[in-house]
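Contents: one structure, followed by commentary.
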Amino acid sequence: MKNFLIINGPNLNMLGKREPEVYGTESLEDIKLWTNAKIKSFATTTWYQSNIEGEIVGRIQQAHSEKYDALIINPGGYAHTSVAIHDAMKILKFPVIEVHLSQVYKREEFRHTLLTAKAASAIMSGLGKQSYYIAIKSLID
Ligand code: DQA
């Protein structure tokens with residue numbers, strides 16, 4: 001069994017209610033249950049969500065002394081601004097995959113800079129709820 005930490009940043013707790021034409025109608029809990037059902041024979045996951053930058057930094061730091069095979073992170077809006085989350089991601093000794101549910105390059109210009117992605121091993125954008133599953137599957141394979 002492989003073990004993955006999945007961190008979601010600000011406003012991702014509002015999935016389902018938030019801009020459904022962009023992010024779909026499922027909640028983060030729905031996506032978690034869907035992902036876990038798909039991967040249950042080969043992986044386990046720990047999900048964490050916070051709207052607060054420092055809490056996300058703290059959770060990533062904590063992961064440094066925990067045993068995960070990878071971190072999958074959707075930093076939300078912090079992807080475009082957070083040097084602190086970028087720096088925390090660089091501390092980790094295991095792979096980090098950054099995911100975005102929407103295709104950020106088709107959206108506003110300010111979303112085209114993915115600052116945190118510079119500290120990620122791989123990035124994915126535009127694959128919706130599949131992102132977490134595909135990230136886990138690709139790391140396993
Ligand atoms: C997002 C894209 C970001 O630009 C936005 O601020 C989010 C969600 C995504 O999953 O597509 O909160 O990370």
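Each ligand, and each atom within it, is numbered from 1 in the order the structure gives.
- In terms of polar-atom proximity, His80 is counted as a contact of ligand 1, with an N or O under 3.5 Å from an N or O of the ligand.
- In this structure, atom 9 (C) of ligand 1 lies nearest to the protein heavy atom Leu101 N, 3.3 Å.
- Counting heavy atoms closer than 4.0 Å to ligand 1, residue Val22 contributes nothing at all.
- Within the structure, ligand 1 lacks Asn11 among the residues with a heavy atom less than 4.0 angstrom away.
- For atom 8 (C) of ligand 1, the closest non-hydrogen atom of the protein is Tyr23 OH, 3.4 Å.
- For ligand 1, the atoms lying closer than 4.0 Å to a non-hydrogen atom of Gly77 are 5 (C), 6 (O), 7 (C), 12 (O).
- Ion pairing between a basic and an acidic side chain is recognised when a charged N comes within 4.0 Å of a carboxylate O; Glu98 and Lys118 show no such pairing.
- Side-chain atoms of Asn8 and Tyr132 form a donor-acceptor pair, as typed in the model, at a separation below 3.5 Å.
- Ranking protein heavy atoms by distance to atom 12 (O) of ligand 1, first place goes to Arg18 NH2, 2.9 Å.
- Which of Met124, Arg111, His112, Glu108 comes nearest to atom 6 (O) of ligand 1 through a heavy atom is settled by distance: it is Arg111.
- A donor atom on one side chain and an acceptor atom on the other are found under 3.5 Å apart for Arg107 and Ser102.
- Neither side chain, Asp141 nor Ser138, offers a donor N or O lying under 3.5 Å from an acceptor on the other.
- When all heavy atoms of Asn51 and Tyr78 are compared, the pair lying nearest together is O-OH, 3.3 Å.
- In this structure, OG1 in Thr46 is found 13.0 Å from OH in Tyr48, a value given to the nearest 0.5 Å.
- At a 3.5 angstrom cut-off on N or O pairs, His100 counts as close to ligand 1.
- Among protein heavy atoms, atom 11 (O) of ligand 1 sits closest to Ser102 OG, 2.6 Å.
- Looking at ligand 1, you won't find any N or O of Val99 less than 3.5 Å from one of its N or O atoms.
- Taking only nitrogen or oxygen atoms, main chain and side chain alike, Leu12 does not reach within less than 3.5 Å of ligand 1.
- Note: Gln49 CD to Lys32 NZ = 11.5 Å, rounded to the nearest 0.5 Å.
- Annotation for Ala117 and Ile123: closest pair CB-CG2, 3.6 Å, computed over non-hydrogen atoms.
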